[in-house]
**Student:** 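After the structure tokens below, expect a handful of questions from me.
The figures here come from the full heavy-atom set of this structure, side chains too, leaving out hydrogens, waters and symmetry mates.
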Amino acid sequence: MMPLLRVLCLLALLAAAGCGRSSPLAGQYEATYGDGGRNRTIVLDLREGGQGAWTAEDESITFKWDVRGDEVLLHSRAGGVIRAVADNGELTADLPGAGRLVFRRAGK
């Protein structure tokens, strides 16, 4: 029983250490989409510690995020997952109702 307890404690310590790490993907990103001459901007804010927010017009949605390989996974509270591919400082995601969006770091 003791070896199992040690393994569980080690895993808990590794998980806690991983939560405090800084991710090079953390930051604010923007994508523009639209039809009929009306462009809309979506702001994606990936905060340190795996928290984030998605803002479009006057609506903001919070989520949790993590990185797996070259993918950033955005986990909604309702249980949905949006996958974005990270490449050269950009995030590309296929979104229902908006199509393929390319998010670029804000200010660049």
**Student:** Report, one line per pair, each donor and acceptor closer than 3.5 Å where one atom sits in a side chain of residues 40-47; sequence neighbours left out.
**Tutor:**
from	atom 1	to	atom 2	distance (Å)
R40	NE	E57	OE2	2.9
D45	OD2	R47	NE	3.2

**Student:** Which hydrophobic side chains are connected to L73, either touching it within the sub-4.5 Å cutoff or through other members that do?
**Tutor:** V81
**Student:** L95 and L74: same hydrophobic cluster, using ILVMFWY side-chain contacts below 4.5 Å?
**Tutor:**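 The answer is yes; both residues are in one hydrophobic cluster.
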**Student:** Quick one: CZ on R77 to CZ on F63, what's the gap to the nearest 0.5 Å?
**Tutor:**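 So the CZ of R77 and the CZ of F63 are separated by 11.5 Å.
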**Student:** Taking a hydrophobic cluster as the set of Ile, Leu, Val, Met, Phe, Trp and Tyr residues connected by side-chain heavy atoms closer than 4.5 Å, whether directly or through intermediates, do L101 and W65 fall within one such cluster?
**Tutor:**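 Yes, L101 connects to W65 through the hydrophobic network.
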**Student:** With ring centroids as reference points, do W54 and F103 lie under 6.0 angstrom apart?
**Tutor:**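 Yes, the ring of W54 comes within the 6.0 Å limit of the ring of F103, centre to centre.
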**Student:** Going from CZ on R83 to CG on D70, what distance comes out if it is rounded to the nearest 0.5 angstrom?
**Tutor:**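 CG of D70 is found 11.0 Å from CZ of R83.
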**Student:** Do the side chains of V72 and L25 get nearer than 4.5 Å, heavy atoms only?
**Tutor:**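 Yes. Closest side-chain heavy atoms under 4.5 Å.
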**Student:** To check you understand the geometry: which heavy-atom pair defines the closest contact between A26 and R105, and what is its length?
**Tutor:**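 What the structure gives for the nearest pair is O-NH1, 2.9 Å.
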**Student:** Less than 4.0 angstrom from a charged side-chain N to a carboxylate O is my criterion; do K64 and D66 meet it?
**Tutor:**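 Not counted as a salt bridge, because no side-chain N and carboxylate O are separated by less than 4.0 Å.
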**Student:** Roughly how far apart are I82 CD1 and L91 CG, rounded to 0.5 Å?
**Tutor:**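 Separation between the atoms: 12.0 Å.
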**Student:** Please list, chain by chain and in numerical order, all residues satisfying side chain to side chain contact (heavy atoms under 4.5 Å, CB included) with S60, sequence neighbours excluded.
**Tutor:**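 Expected list: A53, T55.
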